[in-house]
Peer 1: 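Dumping the structure here so I can ask a few things about it.
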Protein chains: 2
Amino acid sequence: MSKTNPVDNIEEIAENCVAARLRSLNRMVSGIYDVSIRPLGLTISQLNILVVTGKLGTAKPKDICSILQLGPSTLSRNVDKLVSNGWIDIQPGEDGRAHVLKLSIRGSETIGRAYPAWKKAQEKAHALLGEEQAESIVAIANQVAFGKR
Amino acid sequence: MSKTNPVDNIEEIAENCVAARLRSLNRMVSGIYDVSIRPLGLTISQLNILVVTGKLGTAKPKDICSILQLGPSTLSRNVDKLVSNGWIDIQPGEDGRAHVLKLSIRGSETIGRAYPAWKKAQEKAHALLGEEQAESIVAIANQVAFGKR
DNA sequence: TAAATATAATTGTATATACAACTTAATTGG
DNA sequence: CCAATTAAGTTGTATATACAATTATATTTA
């Protein structure tokens, strides 16, 4: 029965849209981190690419894309900047199509310098969301895909 | 004691960063909606601006920014496109600085046409996250700020 | 093994987003 | 009531992001 009308559609989307809410939360929370670490000359996006690369030791672009759920074109251009800044080194890989990324010493130092600002942002994010809710988001992301190769 | 070293920093950020996880979730989930509604010629970002405008009846840009936690410059350019498509009308406001946005008939029809695709995406997002987790995200966003003027 | 197919990354183009600077209009204080 | 300040939007510039098309390399298959 009842084909919905636009007014009902508006109401339903406004009240329930998961995407709108994740987008909004993401803008708020990413903003906290970006403001905090901007004085260090990097963004939260860049910091997390450095962190994943460092954690892996050596990483092919595709590995990082899988872990961060990031498109290859996006990563490609982000890596360009990180290489320009001397934070990531590129080495030829066994597979001639894929090269190998490695966190440089300077990249590692950059993470170290950014850490206190990251930590403050992390605390602000927890304060904004509430401890339990922040943990919930971490758990949900971990469960869905985050960090898995 | 113990000043943390870069390796510990990497580990801590990798395991705990809320921003990284929200960004990742957002990319995954927004992608589901964008793929679904793309054939209709709009994005999930645009659809939600239309929905908020429609729900408010008439809205000043700042109202929409508050509700969606969106920067004014971002909204400004998004609204340009929606006006170009004939989905939103602009009227002069009492306050000469702020104009008034209104969902047009065609905008309302666009929401109606997009609704089935939105609904499918919403279901896919629930399936990806799990019912309980999806509800949790909606609740967290609602609690923090979403939709409040 | 040569051709067909598949995979990895990059580049062109477009949207989403923000900050800083600027413009215009309202408000407030003297 | 006018000058100074504040508020709302827009525009310049930059990063983040994705899709489609392209390039280069591997793999598969006939």
Side-chain angles (χ1 to χ4, degrees), chain A residues 19-20 22-50 59-66 68-85 88 90-101, chain B residues 19-20 22-50 59-66 68-85 88 90-101:
Chain A
L22 271 175
R23 295 175 73 79
S24 183
L25 284 171
N26 180 44
R27 284 189 291 266
M28 282 190 277
V29 171
S30 286
I32 292 170
Y33 289 76
D34 277 329
V35 165
S36 189
I37 68 179
R38 186 178 312 133
L40 294 149
L42 75 169
T43 65
I44 187 60
S45 173
Q46 292 167 0
L47 178 58
N48 272 292
I49 292 170
L50 294 180
K60 285 172 295 203
K62 207 190 170 208
D63 301 330
I64 298 174
C65 289
S66 299
L68 295 177
Q69 295 294 311
L70 202 54
S73 61
T74 301
L75 182 67
S76 179
R77 281 179 252 243
N78 275 322
V79 166
D80 285 347
K81 290 171 206 141
L82 301 176
V83 170
S84 297
N85 282 318
I88 280 185
I90 295 190
Q91 300 164 354
E94 294 176 17
D95 186 327
R97 293 166 297 187
H99 41 225
V100 173
L101 309 181
Chain B
L22 271 175
R23 295 176 73 81
S24 183
L25 284 171
N26 180 45
R27 284 190 291 265
M28 282 190 277
V29 170
S30 286
I32 292 171
Y33 290 76
D34 277 329
V35 166
S36 189
I37 68 180
R38 187 177 313 133
L40 293 148
L42 73 168
T43 64
I44 187 61
S45 172
Q46 292 167 359
L47 177 58
N48 273 292
I49 292 170
L50 295 179
K60 286 173 294 205
K62 205 188 171 209
D63 301 331
I64 298 174
C65 288
S66 300
L68 295 177
Q69 296 294 312
L70 202 53
S73 62
T74 302
L75 182 67
S76 179
R77 282 178 251 242
N78 274 322
V79 166
D80 285 347
K81 291 172 205 141
L82 301 175
V83 171
S84 298
N85 282 317
I88 280 184
I90 295 191
Q91 300 164 355
E94 295 176 15
D95 186 326
R97 293 166 297 186
H99 41 225
V100 173
L101 309 181

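Numbers restart at 1 for each chain; the letters A, B, ... are given by sequence-line order, proteins then strands. For clarity, every value in this text was computed on a predicted model and none was experimentally measured.
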Peer 1: Measure CZ/A:R27 against C1'/C:dA16 and give the value in whole Å, please.
Peer 2: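 It is 9 Å, rounded to the nearest whole Å.
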Peer 1: What integer distance in Å separates B:K60:NZ from C:dT24:P?
Peer 2: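 After rounding, the gap between these two atoms is 21 Å.
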Peer 1: For the pair made of OH in B:Y33 and P in C:dA16, what is the distance, rounded to whole Å?
Peer 2: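 Going from OH in B:Y33 over to P in C:dA16 covers 16 Å.
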Peer 1: Round to the nearest Å and state the distance from B:D80 atom CG to D:dT10 atom P.
Peer 2: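 Going from CG in B:D80 over to P in D:dT10 covers 7 Å.
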Peer 1: Without decimals, in angstroms, what is the distance between A:D34 CG and C:dA16 P?
Peer 2: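 So the CG-P distance, A:D34 to C:dA16, works out to 19 Å.
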Peer 1: Just compare C:dT15, D:dG9, D:dC19 and give me whichever is closest to any side-chain atom of B:V35.
Peer 2: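 Comparing C:dT15, D:dG9, D:dC19 against the side chain of B:V35, the answer is D:dC19.
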Peer 1: What residues in residues 37-47 of chain A put a non-hydrogen atom under 4.0 Å from any atom of DNA chain C?
Peer 2: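 Those residues are A:R38.
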Peer 1: Which ones in residues 90-100 of chain B lie close to DNA chain C, meaning a heavy atom under 4.0 Å from one of its atoms?
Peer 2: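 The answer is B:E94, B:D95, B:G96, B:R97.
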Peer 1: Is it true that a side-chain atom of A:N85 and a backbone atom of A:L82 form a donor plus acceptor pair closer than 3.5 Å?
Peer 2: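 Flag not set: sc A:N85 to bb A:L82 has no pair under 3.5 Å.
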Peer 1: Given atom CG of A:L101 and atom P of C:dA8, what is their separation to the nearest angstrom?
Peer 2: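 From A:L101 CG to C:dA8 P: 14 Å.
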Peer 1: Closest-nucleotide mapping onto DNA chain C: is A:G31 or B:K81 further toward the 5' terminus? I mean the 5' end.
Peer 2: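 Per heavy-atom nearest nucleotide, the more 5' residue is B:K81.
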Peer 1: Looking just at side-chain N and O atoms, do A:D34 and A:S30 make a donor-acceptor pair shorter than 3.5 Å?
Peer 2: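 No, because no side-chain N or O of A:D34 sits under 3.5 Å from a partner of the opposite role on A:S30.
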Peer 1: Pull out every residue in residues 69-79 of chain A that has a heavy atom closer than 4.0 Å to any atom of DNA chain C, ordered by number, or say none.
Peer 2: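 Residues of residues 69-79 of chain A that come under 4.0 Å of DNA chain C are, in numerical order, A:P72, A:S73, A:S76, A:R77.
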Peer 1: B:L25 has an atom CG; how far is it from atom P of D:dT17, in whole Å?
Peer 2: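 Answer to the nearest Å: 13 Å.
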